[in-house]
2 protein chains.
Amino acid sequence: MIKAATKKIAEAETTTQVAQETPTSTDNESATDKVAEAITQGIRTGIFVPGQHLLEPDLTRRLGISRGSLRESLKHLAAAGIVTLNRYRGAYIGLLDRTATLQLLDTLEPLARLAARLAAENCKTPAAQSKIEHALAALERATRSGNRAHYLESRRAFYDAMIDLGGNRELARVIPLSRTDLFRAQIETVQSDVQRKRHASGYGPIAKAIVAGDPKKADMAVKKHFDGTRKTMSELPDNIFPTMT
Amino acid sequence: MIKAATKKIAEAETTTQVAQETPTSTDNESATDKVAEAITQGIRTGIFVPGQHLLEPDLTRRLGISRGSLRESLKHLAAAGIVTLNRYRGAYIGLLDRTATLQLLDTLEPLARLAARLAAENCKTPAAQSKIEHALAALERATRSGNRAHYLESRRAFYDAMIDLGGNRELARVIPLSRTDLFRAQIETVQSDVQRKRHASGYGPIAKAIVAGDPKKADMAVKKHFDGTRKTMSELPDNIFPTMT
DNA sequence: TCGTCAATATCGTTTGACGATTTGATCAGA
DNA sequence: TCTGATCAAATCGTCAAACGATATTGACGA
């Protein structure tokens, strides 16, 4: 049975299509950055599955780049925690067990709350308010659409808008380095619709508090959002997490 | 589609190993990792100065590695914010202006406070307590010695001990990705002795609260420490920061 | 059935090469 | 003299090929 599963993974690897050139990509991007972007996008869209083994020869063929550039990309992604490198064994898409997920939430929460507070403090102009509201509207639209990649993209866009509004560059640098995208991509595939809805509904109060310019309320809204996520986590069965052997 | 992805997760579970890196120091370091370590250490010792331009030919000669490996290292360091890469212009050791420094403190503070709380909660055994006390003793010794590299090293070791004790792996991953080392290395060269002493004295109460197993007090001690650092920052003249051209 | 050992696949690293871009100096003209 | 264009050198981004090192796999024999 192990063999069969392995074969299925192999099939998925070989039949996976290269992510077509992103229409929004700028020409200023280097090849290695484009590859990194392709992989992160592939995780969002489900082309790459958490835990999947990435083979250098395969990736170089599919992405049409040299091995050196690919390895630079993998180094970059490894530093961001998206892939893990095992010496002489290659790269794997990151995989979070239950403990790692809870620790991720503990780490991310204070950063997200800081981001919300800063955003609320700086949300004075109508332009800023509309940016948050637009991001929220897009997120709600994506939630209704049921398209997983679209939802994950909008969710990240909402965070980006919030962080950008706050104006703290270091925060903007660090938050994406937490493995939130990985966590979301992994959970998104296993949670129920009601859990998904619960999670998505948490962004409304956050946006409202930010637009109202109320840092304290924004902070609390984010805290509540994280508490809800922890609740969802506690409801998920053990078998969706990798087993440590 | 979501169903399919779920199935993929299940398959990945059975066929892929949990990417679990060995937390302790492993000697199976690759050359690129060693180079990255050499550069960060070089920053601590003052061999590399913030803002310095790193030339690939020079570094390959000096470090005795190939260009490919060096570039992988630089990619890793860039992801960690230690160096910044400019297309066709090369790599520069990161440089923080006053605003970036304050934003760095704002971002790092909640993480450090979380680390202190977790450490205090888990500091039940005598072994754990002695580890913190040893780290503090080494830090105080380094402070008295006046050796800058030694002090920066001990300071990081103290943080590492605290983070390790807390047991949150994600926090352990994210905190080094903030550019604290860069900030410290930059400030260390310009602050006065009284400022240096003030900063170093902040670690005593933190360690004491952790050893006492008092999360709340540890949290407050870290907050005070950061407030002191902000005060030091406000006392530093503008001319020590890079001028934005 | 289980352990041993060779074959294979993949990774880590080096070397060399080529075009693309920036940089700095040179030089002509106002 | 100053200004601007021109050109050569330096450096970077990328590719290709190769070699040893290591892990994985599968066959073989006890």
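All of these numbers come straight from a predicted model, not from anything done at the bench. Scope of the values below: all heavy atoms of this structure, side chains included, with no hydrogens, waters or symmetry mates. Throughout, protein chains are lettered first and strands after them, A, B, ... in sequence-line order, and every chain is numbered starting at 1.
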If the threshold is 4.0 Å, N to carboxylate O, is there a salt bridge linking E72(A) and R67(B)? no

In terms of side-chain heavy atoms of S66(B), which of dT22(C), dT13(C), dT14(D) is nearest? dT13(C)

Any idea which of dC11(C), dC12(D), dA23(D) is nearest the R89(A) side chain? dA23(D)

Ignoring hydrogens and geometry beyond distance, is the side chain of R67(A) in donor-acceptor contact with the base of dT13(C) at under 3.5 Å? yes

Closest contact, heavy atoms only, A128(A) versus L165(A): CB-CD1, 3.5 Å

Could you state the atom-to-atom distance from CG of N86(B) to P of dT21(C) in whole Å? 16 Å

Can you find a side chain N or O atom of R87(A) that sits less than 4.0 Å from OP1 or OP2 on dA23(D)? no

Candidates dG20(D), dG19(C), dT14(D) - which lies nearest the side chain of Y88(A): dG20(D)

Could you check which nucleotide pairs with dA17(C) in any of the strands shown, counting Watson-Crick or G-U wobble with both distances under 3.5 Å? dT14(D)

D33(A) CG to dC12(D) P, straight-line distance once rounded to whole Å: 16 Å

Rounded to whole Å, CG of L85(B) lies from P of dT14(D) at a distance of 11 Å

Carboxylate-amine/guanidinium proximity below 4.0 Å for D106(A) and R230(A): yes

Applying side-chain hydrogen bond (donor to acceptor under 3.5 Å, both in side chains) to Y203(B) and R155(B), what does each step give before you reach the verdict? CA-CA 9 Å; Y203(B) 292 108; R155(B) 184 191 148 283; 3.1 Å; yes

Please report, rounded to the nearest Å, how far the P atom of dA23(D) is from the CG atom of L55(A). 17 Å

Within this structure, what is the CG-to-C1' distance between D58(B) and dA10(D), rounded to whole angstrom? 13 Å

Could you check whether G90(A) gets within reach of a base, just the sugar-phosphate, or nothing at all, counting any heavy atom under 4.0 Å? sugar-phosphate

Nearest-Å distance for atom pair CD1/P, residues I65(B) and dT14(C): 6 Å

Nearest 0.5 Å, please: how far is CZ in R173(B) from CD1 in I163(B)? 12.5 Å

Which part of the nucleic acid, if any, lies within reach of L74(B) when heavy atoms closer than 4.0 Å are counted: base, sugar-phosphate only, or nothing? nothing

Specify the separation, in whole Å, of atom CZ of R71(B) and atom P of dC12(D). 8 Å

Please state whether the phosphate of dC15(D), meaning OP1 or OP2, lies under 4.0 angstrom from any side-chain nitrogen or oxygen of S69(A). yes

To the nearest Å, how far apart are L59(B) CG and dA10(D) P? 18 Å

